[in-house]
2 protein chains.
Amino acid sequence: MRRDFVMRSAAVLHRFGLLLALVVWLGSGAPAFAQTDPLPSWNEGPAKKAIVEFVQATTDKASPKYVSPEARIATFDQDGTLWVSHPMYTQVLYCLERVPAVVARKPELRNVEPFKTVLSGNREAMAKLSMRELEKILAVTLTGMTVDEFNAEARKWLETAKHPRWNRPYTELVYQPMLEVMRLFRANGYKTYFVTGGGQDFVRVYSEQVYGIPPEQVVGSAGATQFGYDKAGKPILTKVPKLLLMDDKAGKPEGIHLVIGRRPVAAFGNSVGDKEMLEYTQAGDGARLMLLVHHDDGTREFAYGPKSKVGTFPDALMAQAKKQGWVVISMKNDWKRIFAFE
Amino acid sequence: MRRDFVMRSAAVLHRFGLLLALVVWLGSGAPAFAQTDPLPSWNEGPAKKAIVEFVQATTDKASPKYVSPEARIATFDQDGTLWVSHPMYTQVLYCLERVPAVVARKPELRNVEPFKTVLSGNREAMAKLSMRELEKILAVTLTGMTVDEFNAEARKWLETAKHPRWNRPYTELVYQPMLEVMRLFRANGYKTYFVTGGGQDFVRVYSEQVYGIPPEQVVGSAGATQFGYDKAGKPILTKVPKLLLMDDKAGKPEGIHLVIGRRPVAAFGNSVGDKEMLEYTQAGDGARLMLLVHHDDGTREFAYGPKSKVGTFPDALMAQAKKQGWVVISMKNDWKRIFAFE
């Protein structure tokens, strides 16, 4: 539509015989970021430089690094890359907090593990739940309802739940410097995509409002749905406990292929779960940009690395980043501020 | 980028103090299709009228049928809706014609059914292959290679294979009236998507070039891929025989949810395989448009209906279309011409 609008506008200007030269001059004008700093929340340094130079080069037709508009795909991990994921992934908290409502509907789960532990509210015991037990919790809290019901439940929770440290909604705990990066990419013709281990349906509830990313540009862990009809004969989609895509590690390039069908030219992550996505991005031809957010700011956010269960950043990943020319973003040194509310 | 360009252009025009009024006038100007006939290959009639009026109404802010730009999703079945699918689906022909190459690589299949029958070239025997046997053929011809290898093979075949009746490449046997519909929708801010029973990877090979639909807007039957590394250590994605999505019938709304994550406002199909997609589209709020292409032109293309195995259009579907207000497009009466080369 925009293209059409521009073309029609140009045609009318031409017909008016007035401003063709101006339009031509505009068309070849300076890139969007030349006028003001496109990344005001970033300190000057190698990370900011790498991002700005990459966007400039890949959108400059005279550059050997030029990337044609249709190939401009940038992918972003979410947890720990775009918003806070400590002490626990937001969606896991959602699932844990949904347990009482599920048990109210299915009382037979009340005295069964792992639901019993979750209902006890004993955080220490909850922290010890195994991956298998967590999966049981995810299954009953993320499936068994229609897509519309799930969306309404998740939306309601997101409006009221608050992070214990900042006492703010989770959707405010997004990294302002990364929002600026996403905007810079989009302003230069890039399609920005989530490629997250989080649930595709969960992230879609707020992706557009919080990040400017529409639902169709959210690649995430995805369960199957089942088409059917409700009692009134209305078509519905029900979320069923069958995993189609675990969008983590090797699942990230697999998910990118499934939903996007092209290789990104830029990819942002923060942990070992993003390694394969960055490798896959780098393996393409032409200009490439791979980045990892490093949580090294215990004062303003969190400092964690190889030993953290959530958002693990092993030493081997750091070594690989150095060897392969991936940019490591230091939250402490590269980010002037972390959140918009600061 | 376009939006940004328009915004920057507008800012400069304003600064020049010259043409703000003109720009405002352009912004509220007549829709793209008012100037010339947007559907020149269509005869005047209820189908053309329904399409043009729907696009006008849903993009007119003053209309109660207005649809906000981000919700403008139109989905299109492919086989029989956008290109010829008789006497057999193009992709099935591709798979059958790939069998010799596969057997050359795996000689142990030479005397095993169904490969033996396919190698015999006996079309009558091939027509009798069961769905189970066809699936075996699809599995060995569509999986077991990297995504890049598959793309190269499919591209090569599409460049050389020809439809027996028209002696032209399959990619020329697209319906010109439908290309015009897709362009009309896109010119008015709609995202056009394939939602096809055909293989997602197969369709992506030519979707952009032939239909102007980028790979990320192709929803189709999809197999899993597996991330790994080749002998040189380069990351690769290998197509594996595990079906993630059978994008037909109930699979269509399920696939739409998986890849797009929003309900379309307009949907085009041609057979019983599109019924659920049209029902799902209609079940949303606000303006809706559901259409079925009816193959009733045995002279210029094919005439088939309830009895055809390929692209079945049962009487019950016709009755449902009438009852629910779906538009049935008569190829014979509604289309001035079928192909661009006519």
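Proteins get letters first, then strands, A, B, ... in listed order; numbering begins at 1 in each.
For the pairing with F194(A), the ring pair (Phe, Tyr, Trp, His ring centres under 6.0 Å) check across Y206(A), F76(A), Y211(A) returns one residue only, Y211(A). Evaluated for a side chain to side chain donor-acceptor pair (under 3.5 Å) with T192(B), the options R183(B), R186(B), R72(B) yield exactly one hit, R186(B).
No donor-acceptor distance shorter than 3.5 angstrom exists from the side chain of R262(A) to the backbone of E216(B), with no hydrogens or angles considered.
Contacts between D148(A) and chain B at a heavy-atom distance below 4.5 Å involve the side chain alone, from C-beta outward. For E276(A), the parts sitting under 4.5 Å from any heavy atom of chain B are the backbone and the side chain alike. Only the side chain of L237(B) comes within contact range of chain A, with at least one heavy atom under 4.5 Å from a heavy atom of that chain.
Your options are K249(B), K234(B), E279(B), and the one with the most heavy-atom pairs under 4.5 Å with chain A is E279(B). Most heavy-atom pairs under 4.5 Å with chain B, from the set E70(A), E208(A), Q282(A): that is E208(A). For the options G251(A), A250(A), P214(A), heavy-atom pairs under 4.5 Å to chain B are most numerous at A250(A).
Contacts between residues 217-228 of chain B and chain A, defined by a heavy-atom separation under 4.5 Å, are made by Q217(B), A222(B), T225(B), Q226(B), F227(B).
The cationic atom of R263(B) (NZ for Lys, CZ for Arg) lies less than 6.0 Å from the six-membered ring centre of Y280(B) and within 45° of the ring axis.
A salt bridge between K252(B) and D77(B) is present, with a side-chain N of the basic residue lying under 4.0 Å from a carboxylate O of the acidic one.
Side-chain atoms of V265(A) and F54(A), non-hydrogen and from C-beta on, do get closer than 4.5 Å to each other. L245(B) has its side chain out of reach of L244(A): every pair of non-hydrogen atoms, C-beta onward, lies at least 4.5 Å apart.
Within a 6.0 Å sphere centred on CD of Q209(B), heavy atoms belonging to other residues, nucleotides or ligands number 12 at most.
Under 3.5 Å, the side chains of T58(A) and Y190(A) contain a donor-acceptor pair of N or O atoms.
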